[in-house]
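First the structure, in the form of structure tokens, and then the observations on it.
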Amino acid sequence: MPKTLVNLDIDLLRTFVVIATERNFTRAAERLMRQQSTVSLQVKRLEDALGHRLLDRTPRSVDLTPEGEAVLSYAQRILDLNDEVVSLTHEPQMQGVVRLGTPEDFATQHLPDILARFIQAYPSVALEVTCDLTLNLVQGFRRGLFDLVLVKRERASGASGLRVWREPLVWVAGHHDYLEGGGPLPLVVSPEPCVYRKRATDSLDRARKPWRIAYTCASLAGSLAAVKAGLGIAVLPKEMVPHGLHVIDGGPLPDLKDTEIALMAGPRLRPPVAKLRDHIIRCLG
């Protein structure tokens, strides 16, 4: 006899994705506006339906099992498709302007497809996207210039916002070998304050390696051009290393910690703003 197919409950998948994002049952229950006992029961029902434990839960942490990691990406895709279908049939009237601020490098690599899918689902919502340094984005958000901002931050910094992305940082260079020559290491950096700049200089200081600022530019394109021209080395997220630059693996340079991207949003969001917030959280996970 053919194996009976299991029809997954969208509501259970949504609960699982929120818990996987928050890594905390209490915060997940608050976001879902449900009792924590209800959220726990929904996870149990999903695990029973799939025949696998998806979460390792302790008094201090919530972690994904290997099966949970595999299910998460599929669950996010199912929710995206579900919400796009619903928006086309039930929410054609949703309209308005959403002002999003984001670091340039993150916007270049990760946001185009995410925002394109949102616009396709909500064609009457106008997006206004601004790329800027994290400090300027945070200040603009506090002044009411943005509805949502994506910002770089140090891990475990206690800063506000929900972590939506984590990625390794790497040293990158062009064709010139700065490690063989003498003198301070030339760095290509963004203006202060910048998480990547601070990460680079702090790690070199701890390793007692001399450095100097050779080129400062707020533009990602300008910084990459400077590295390709041989003016110095830079720190980039691993997935953003472009053709023409190479990663400096291992010693003699110190390892760099992962970078975090957090999403900041106000407490009371207009419907289109809340939709974009939830869409970004699901897509980035």
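When each of Val188, Leu185, Leu245 is paired with Ile233, the side-chain contact (heavy atoms from CB on, under 4.5 Å) condition holds for Leu185 and for no other. With Tyr122 as the partner, the side-chain contact (heavy atoms from CB on, under 4.5 Å) test is satisfied by one option alone out of Gln95, Arg117, Lys275: Lys275.
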Could you go step by step and tell me if Leu236 and Leu220 meet the side-chain contact (heavy atoms from CB on, under 4.5 Å) rule?
-> CA-CA 10 Å; Leu236 287 177; Leu220 174 63; 4.3 Å; yes
Leu55 vs Phe25, side-chain contact (heavy atoms from CB on, under 4.5 Å): CA-CA, chis, key distance, verdict | CA-CA 11 Å; Leu55 298 170; Phe25 272 72; 4.0 Å; yes
Run the numbers on Leu64 and Phe16 for side-chain contact (heavy atoms from CB on, under 4.5 Å), then give the verdict.
-> CA-CA 10 Å; Leu64 292 170; Phe16 168 66; 3.8 Å; yes
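Judged as a side chain to side chain donor-acceptor pair (under 3.5 Å), the pairs with a partner in residues 211-235 (not counting sequence neighbours) are, in order, Asp205-Trp211. Residue pairs that meet the side chain to side chain donor-acceptor pair (under 3.5 Å) test with at least one member in residues 139-152, sequence neighbours left out, are Arg99-Asp147, Asp105-Lys152, Asp147-Arg270.
Ion pairing between a basic and an acidic side chain is recognised when a charged N comes within 4.0 Å of a carboxylate O; Asp202 and Lys257 show no such pairing. A salt bridge links Lys44 and Asp48; the closest N-O separation between the charged side-chain nitrogens and carboxylate oxygens is under 4.0 Å.
In this structure, a donor-acceptor pair under 3.5 Å is present between the side chains of Arg57 and Ser40.
Within the 3.5 Å criterion, the main-chain N or O of Arg153 finds no donor-acceptor partner in the side chain of Glu260.
In the hydrophobic clustering, Leu133 connects to no other residue, as no ILVMFWY side-chain heavy atoms lie under 4.5 Å from its own.
Residues Val170 and Lys238 come closest through the heavy atom pair CG2-CA, 4.0 Å.
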